[in-house]
Amino acid sequence: MSFRAVDTRASFVALEDRIGDYWRSNDIKKQALAHGDHAKPFIFFEGPPTANGKPGVHHVEARVSKDIIIRYHRMCGEHVIGARGGWDTHGLPVEIEVEKKLGFAGKPDIERFGIAAFNAECKSSVQTYIGEWERMTDRIAYWIDMEKPYATYDNSYIESLWWILRQFWDRDLLFRDYKVTMHCPRCGTTLSDAEVNQGYEDDVDDPSVWLRFRLDPSGHPLDAALAGAAFLAWTTTPWTLPANVALAVNPDADYVLAECGPDNTREKVILAASLATNVLGEHHTVLATYTGSQLVGAKYTRLFDGVPGPGDKPDLSTGYRVIGDDFVSLDDGTGIVHIAPAYGDLDVGRKHGLPTLFSVDLSGNTMPQFESMGFANMFFKAADPVITKFLKERGDLFKSARVKHTYPFCWRCKTPLLFYAKPSWYIRTTALKDRLVSANQEVHWVPDHIQNGRFGNWLSNNIDWAISRERYWGTPLPIWISDDGKHSECIGSVAELEAKVGRSLSELDLHRPYVDEITWQDPIHGIMRRIPDVADCWFDSGAMPVAQWHYPFENKELFEKYAGQADYISEAIDQTRGWFYTLHAVSTLLFDRPAFKNVICLGHILDGKGEKMSKSRGNIVNPWEIIDEFGTDAVRWYMFASAPPYNPRRFSRELVGDMLRQFTLTLWNTYSFFVTYANLDGWTPAGLLNADGSLTLDVATLTNPLDRWALARLDHLVRTVSSELDSYDIHAPAKAIERFVEELSNWYVRRSRRRFWKTENDSDTQAAYATLYTCLVTLSKLLAPFMPFLAEEMYSNLVLSKAPNAGPSVHMAKWPQSVPSWRDDTLVASIDVVQTLVGLGRAARRTAALKIRQPLPAILVRVPSAVAASMPAFESDIREELNVKAVRWLETGATFIDYRFKPNLRTVGKKYGKLVPALGEALKALSGDHARAIAVAVEQGNSFDLVVDGQTLSISPDEVLVETSSPDGYAVAEENGVLAALDTTLTPELVAEGIAREVVRYIQDARKNAGFAISDRITVAIDGVSGNANLEATIALWHDYIRTETLADQLVLGSSHAGAHIESLELDAVTLTIAITKAE
RNA sequence: GGGCGUAUAGCUCAGCUGGUUAGAGCGCGAUCCUGAUAAGAUCGAGGUCGGUGGUUCGAGUCCACCUACGCCCA
């Protein structure tokens, strides 16, 4: 039975559809997921995508990176644990999406709508995109179990998170504290650092105001000296001014009392000496200089009465004075910093015992108390100009301008953020900071610079993890506090909660609001109620190793024995501070070990112009468009073969298309070539292919060096691809495969073509089939992780059709092993020289303007001595490739060759140092017979003497490089010690042979144009020859050759009969007509 | 402002511990080869290796500073 015919113009998209159908109808994916030796587990963690949007190109990238490594390990016989889908379902992104859909403007709308209904909407919103993700995951052949994914909203998942939090609680790693947080007034929540950092925007236009804080004499030693003066402070947030309670100076810096302004209105101001000219301009006079510490304690007249917090009666007597603190910078502003503890300076406030006053509430609106001043109940940004105007009219504004600076916005809703002191819950990661750092040293990072660079730096600057969110759709924090506020408990399981309330909670949805309804009576402290906060959704995903298995409530053995630590994870670089960190933190805090052993960190994908893809730019590439045009394999290959995926790189339709032409089609044509001829010859892999799909090819049975070369290269490829995948490099192996396919196609197949055409089925043809078959089958396996569809196509046709019991898929085939007997480094090096030689020969022909069809008498060749001995074996290759009658090997020292010498700088540099240039000159000066003699000496491994700069040096062979060239009269080319010189003497016989080849070429073209099959036999009639004795004689002489080459049963001179395919050509100044017909 | 990364031909990228004339592919032009090939070969045009200094006999490579871009942090 023959192989399935391979169409050279196949549609890869259609092929992938067909393979996809095969996988589906035979349950191949399910079998693959179960495949492998359970005693050799390979642990993978799937980073759960947030299913609140369609998957983009970058998602495809990450998923394929994961898939490649998983497939490789599976083929190596390991059983992959953790190849299952996962969904990150909680969090603000989902809530925002739902709020948008329902037209909500903030938390009050949600509360009115009801938390139960709102969370139900969130849950169903997540589910709407899951189908889209499943479709993409299937199309790109990311083989994970999508039928039993974990989801962070499952009760079981949440219960595991509770268990983790309880562990932290018991170890005092979970605590509550006030901290200044970044607060989104629209979303009504504190944002995590990671979230805040996603929302910084540059070039934000804000007010920039300088204000007078007038001295208020209060018994300070400098009261008299500073009488009538004002402290100048600068701010870009006028809305915080009503909350001002102090001015800070740098105690070590110099401050000046200066007089400035127009002559008739000179006024006195105080500011940092180094900034005076900046702020006041040249036209000012310094009256006195003080250190910052001298100013400390001076009081000033407040601009506004700030609003105390609810139920708070702050002691204002400690406020409105100058304080000294090192943090005060002299880089910009006035060196005097306005302090508003509630909005960013809480630590300073605490340190100096300052009151905390407010100007803006948590919804971002100014307090009603400012009604009389005209800026009550305004959004804080809108209040800025009103406040500024008010201060200007009152004379407190020194000057104002606009400034472009960086300011944080809510990453989701784009509302400007507030710095705001709020109570929050924290995980005390700083307590184990040293361990976080040391555990990172156990991780293998690809690329390696992340380890001690970006990730390492992040860890060593670790701050406690703000884990609470005042939101709705998330994992409820399992902390209950008594009404009197004095007692709190952390609940670690549903069972524990049941014990508290004394009833079954098996039907309870652990989400809000249901869990909020669970309360109990504490005998001493009253009713215990849950705090309203939910967890940062990064905690959900960071805890997935534990929670996906509902550990420790289920899967105890699986988790403890195997699945607790991943062998491999992969995501893009933005996850350094995201998932990579939260995984690492949770695992280190909980189990004192890193969560993953190996991680591939991918660079981002840019658009075709190298710009970041973003919705606002409108340059997002839809992965479906490209997959639908070129297929999944093309996209997969492009992503990992075209350029290292660890750096940002471009992605566009055109780039994927280029790659397809270059690599995929070359491979496909090689495959197609094999199948075409194997079918013509009825070749089968009997005796080569074993029943289990493995191959047995004894290199000793191969006599043709081409075959042994192909196997040596193949073995090298197997070793390279395996070792690189072992070290989690997914780019280098793809490059190695590319190179091999190129050589297989353009050297092995091109050199071997005639072996496949032979009509008699001799042992050489058999060997060629066996070799090419072995290469293609092995390639299908090596390629399987990267191009799962194409690999499956090749495997099913080449292997499965002949060994039905070999296993249904290349993806469960055994990974190819190196065959040491195939290795032959000398042969590989020799062929390398032959290839160089052929290239040089072509270059020489071009120089001499002699086309390759014209035979030449000889080529004179010199090669490096290391491979010289093996060269004669390749004489026929060289003769055929270059169309020469003979190859003549030149000895070293042959008078034909001239020699030039250069110092071998690698060896000579350190030894002779400054003498090197003179040595170079001396070597350059060598010529003629002297040079030839030295060349012979070097060839034989002997040193020679050379006078350099007056001293005689003994130069050893490894200290000099020899280059060769030949005199004029030959067409010569030279490179890397290889020299090729063509003898261009043309005899009438050679010219005639050239004509014969010309005729063959035209007949072949005619055959092709006529649409004849490769094996069709034809009759040829050549007209127009008569009268040209030269041509007539030539055709007569080469009659048999022409017939054989063109499969012509008959070759006649004269006019054709009707119905023939006719072409004409110019030859020897005559126009010939060639007519061909299919032979009967 | 700080950290990490990147900067080499029109485009996409190689260039190992410093070493000789800086390479490949795509694209462009010319020629050649071809009954597997949408491929391939040869030649050509195209490079101040981001910039400025420094170390060295010698710097794309090492050092310092600067610039631009990406990501992260503030």
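Worth saying up front: this structure is predicted, and the values here are computed from it rather than measured.
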> What stem regions, each of at least 3 consecutive Watson-Crick or G-U pairs below 3.5 Å, can be found for RNA chain B?
Replying inline: B:1-7 with B:67-73, B:10-13 with B:23-26, B:28-32 with B:40-44, B:50-54 with B:62-66
>> Between A:R845 and B:rU42, is there a contact of a side-chain N or O with OP1 or OP2 at under 4.0 Å?
In response: no
>> Ignoring hydrogens, what is the shortest heavy-atom contact between A:L986 and A:P855? Give both atom names and the distance.
In response: CD2-O, 3.7 Å
> Taking only N and O in the side chain of A:Y677, is any of them less than 4.0 Å away from OP1 or OP2 of B:rA36?
Replying inline: yes
>> Categorize A:I450 for me: base, sugar-phosphate, or nothing, with a 4.0 angstrom heavy-atom threshold over every strand shown.
In response: nothing
> What is the nucleic acid contact for A:P644, judged by heavy atoms within less than 4.0 Å: base, sugar-phosphate only, or nothing?
Replying inline: sugar-phosphate
> Does atom CZ of A:R739 have more than 12 heavy-atom neighbours from other groups under 6.0 Å away?
Replying inline: no
> With sugar-phosphate meaning primed atoms plus P, OP1 and OP2, does A:T1046 contact a base, only sugar-phosphate, or nothing at under 4.0 Å between heavy atoms?
Replying inline: nothing
>> Rounded at 0.5 Å granularity, tell me how far CG in A:N883 sits from CD1 in A:I859.
In response: 11.5 Å
>> Check this for me: does any side-chain nitrogen of one of A:R997 and A:E993 sit under 4.0 Å from a carboxylate oxygen of the other?
In response: no
> Looking for any heavy atom pair under 4.0 Å, which part of the strands does A:G456 touch: base, sugar-phosphate only, or nothing?
Replying inline: nothing
> Strictly by modelled atom types, are A:N452 and A:W445 linked by a side-chain donor-acceptor pair under 3.5 Å?
Replying inline: no
> How long is the line joining CZ of A:R842 and P of B:rG44, in whole Å?
Replying inline: 16 Å
>> Any base atoms under 4.0 Å from A:T670, or only sugar-phosphate, or nothing? Heavy atoms, all strands.
In response: base
> Any side-chain N or O of A:R853 less than 4.0 Å from the OP1 or OP2 oxygen of B:rC33?
Replying inline: yes
> Within the structure, does a side-chain N or O atom of A:R997 lie under 4.0 Å from either OP1 or OP2 of B:rU34?
Replying inline: yes
